[in-house]
Each structure stands twice: as structure tokens, then as C-alpha cells.
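What follows is a single structure, written as C-alpha cells, with notes after it.
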Protein chains: 2
Amino acid sequence: MELVTIYQCLCDLTRLRLLHVLAQGPLCVCDFQAVLAEPQVKISKHLGYLRARGLVEAKRRGNWVVYALPAKPSAGLRANLACLQDCLADDPRFQRDLARLRRLESTCAVDKLAPVPATSVGRKRCC
Amino acid sequence: MELVTIYQCLCDLTRLRLLHVLAQGPLCVCDFQAVLAEPQVKISKHLGYLRARGLVEAKRRGNWVVYALPAKPSAGLRANLACLQDCLADDPRFQRDLARLRRLESTCAVDKLAPVPATSVGRKRCC
DNA sequence: AAATGGTATTCCCAGACAGGAATATAGATC
DNA sequence: GATCTATATTCCTGTCTGGGAATACCATTT
């Protein structure tokens, strides 16, 4: 993966927030909407941008799509994601996202990584 | 310094090359031209871009302008520059720049950091 | 003052991209 | 099949940016 490509992905605030939150674990689009408090188009487009360049992976899980950081990131990506987390550790704007994420997790018990039941997810709404 | 700003600076190949070479020490524009083998406008514009955002510092030295990494980089910048050097250590395209830089240094004995003589630099050409 | 060398700026164009509104698609439920 | 939820895509617009040609600017030398 080209280093320039990585930086192109990192040079937008929304995408930084997405990746920062994703470091905590996989998440679906509607959760991102809640955590970032941004409209669906915006979230979906930026996730698409990241996905097209290999910065995130996605898999459909019933009705919704779960995004995650790559299972096997390149060395450059791994280094930069670590650097990113490090640099954002004290940034209040990004910490607010994490706070909303934790609030979400406490009310929503869905395990985003559990295997998908054969025919149905068994739940109508995400959270 | 905003982290996003740093990434915006890093998301162009030419600017990556500039910063990578700059890590070896201060350099003037005409040297960059030789090291990167790119036209003057391109070099000058990208250096201007980096300078406007605080990623590099510049000072006139007689007839030419010497660029350098900031004397006191922010924590985020320092971390990312280190990460950058680390990621590029094996990239042949960037190593070629360093090779040209060393060739330049062997033929050009100007000390870019030496204090500027009061009235004249004493040399007509840069190298 | 004129000439010269080094650097920055302006003007132009083409492409990328962010944002939002509206619409389309996919899967699940009824 | 109709409906609903979740997600993606299309269309539009404004802004930013990269590249190059030409030119302006600044300092030095003659």
C-alpha cells in the first residue's frame, strides 16, 4: 500500500474520527452516525473512500454492514494508525467520540463480530 | 498544529520527498531541484505550501533561501516525521533522492547553516 | 545602472474532492 | 409482494489543489 494513499485517507477530519473510533473495534454505519453525530451520506461516503483504498474492511451482516480495520494491515498502515492513536490521545474532540461510543455500547448489546445466523439476524433494528 | 494539516501536507508525493530529504539537514531550493530532479516552480510551490502550514522553516541566506525542518516541532509533527522516515527507509524511490543528495554534498562544500557574511555571501553560484 | 542568478508569484487549466438532497439498492419482516 | 430499515450511489455545486508557462521579485556582481 502506497504511503501517499494512507496520508490521503488521513487528511480529512471525518475520516480521522472514523479510524480513531474504529480502533476500538468493528462498527456498523448507523453506529458511526450516532457516535460522530454526522449524516448518513457523509459517513457512508467516507467509509467507502477508506474501503476503496484498503484502510478498512467491510462485511455485510444481515441488514447492516460492519466495518473494521484490516485484519492484516501493511507495515506502513500499522505504524501510522499507531501514531494516529498516540497523537489523538489527548484531543478532547476525539475523546468525545469515544465517550459516545461507550454510551452506545452500554445500551446496545449486539455483538458485531458474532457469526451471522443462516437466514436471519434475528433483530429488526441495529440498536 | 492541527493533525489534519500535517496529513494534508504529507499526502503529496513531492512533499513527502522534500520532507524526507530535509530530514538529512537544511537545503536550498536549487539543491532540491537537483536532488528531486523536478522543475523549480514545482519545488518552490510545494515548499511554500509546507512553509505556510509550519511544516518547514525558511530563511534567506544571501541570494538563496535555505529550508529546514522546524527547530521546535509540535509533538504531533515530530511523531509523524519519525514515522515517515521509518516507513520510507526501504523505499528505493526515496533512497535514490538520498543518493543524489550525497553526490551533491560531495561536490558542493557550502555550509548551509554558516552565518551569513555582513555584505556578501562570497559566492556567485550555489553549487 | 545593467546584468545575472536564485526564488516566488501569477495566471491558466484540469482533476479531485467534500457536502447535501434525492434516489437507488439490498436484506429482513410482515 | 409490500413495507421497512440500513446502506450506497447519483447528481449537483463550490472549493481546493497540482502542474506548467511566463513573469515578477530580490540580492549580488560587474
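Just so we're on the same page: letters track the sequence lines, and every chain starts at 1.
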List in numerical order all residues of residues 4-18 of chain B for which some heavy atom is under 4.0 Å away from an atom belonging to DNA chain C. none
Considering only heavy atoms from C-beta outward, does the side chain of [X] approach that of [Y] to under 4.5 Å?
| X | Y | result |
| --- | --- | --- |
| Asn80(B) | Tyr7(B) | yes |
| His20(A) | Leu98(A) | yes |
| Tyr67(A) | Leu27(A) | no |

Once hydrogens and angles are ignored, does a donor-acceptor distance under 3.5 Å link the base of [N] to the side chain of [X]?
| X | N | value |
| --- | --- | --- |
| Lys45(A) | dG19(C) | yes |
| Asn63(A) | dT5(D) | yes |
| Gln40(B) | dA8(C) | yes |

For a quick test of reading the model: is some side-chain N or O of [X] closer than 4.0 Å to OP1 or OP2 of [N]?
| X | N | value |
| --- | --- | --- |
| His46(B) | dG19(D) | yes |
| Ser44(A) | dT7(D) | no |
| Tyr49(B) | dG19(D) | no |

May I ask you to say what Tyr67(A) touches in the nucleic acid, namely base, sugar-phosphate or nothing, with a heavy-atom cut-off under 4.0 Å?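 Tyr67(A): backbone/sugar contact only, no base atoms under 4.0 Å.
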Please say whether the positively charged group of Arg15(B), taken as NZ for Lys or CZ for Arg, lies over the ring of Tyr49(B), i.e. under 6.0 angstrom from the six-membered ring centre and within 45 degrees of the axis. yes
I need the [atom1]-[atom2] distance between [X] and [N], as an integer number of Å.
| X | N | atom1 | atom2 | answer |
| --- | --- | --- | --- | --- |
| Arg51(B) | dT9(C) | CZ | P | 8 Å |
| Leu36(A) | dG19(C) | CG | C1' | 15 Å |
| Arg61(B) | dA27(D) | CZ | C1' | 13 Å |

Quick check for you: to the nearest 0.5 Å, what is the distance between His46(A) atom NE2 and Leu16(A) atom CG?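 Answer for the NE2-CG pair, His46(A) versus Leu16(A), is 10.5 Å.
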Regarding Glu2(B) and Arg53(B), does a basic nitrogen lie under 4.0 Å from an acidic carboxylate oxygen? no
Between Arg53(B) and Val41(B), whichever has its closest DNA chain D nucleotide further toward 5' is Arg53(B)
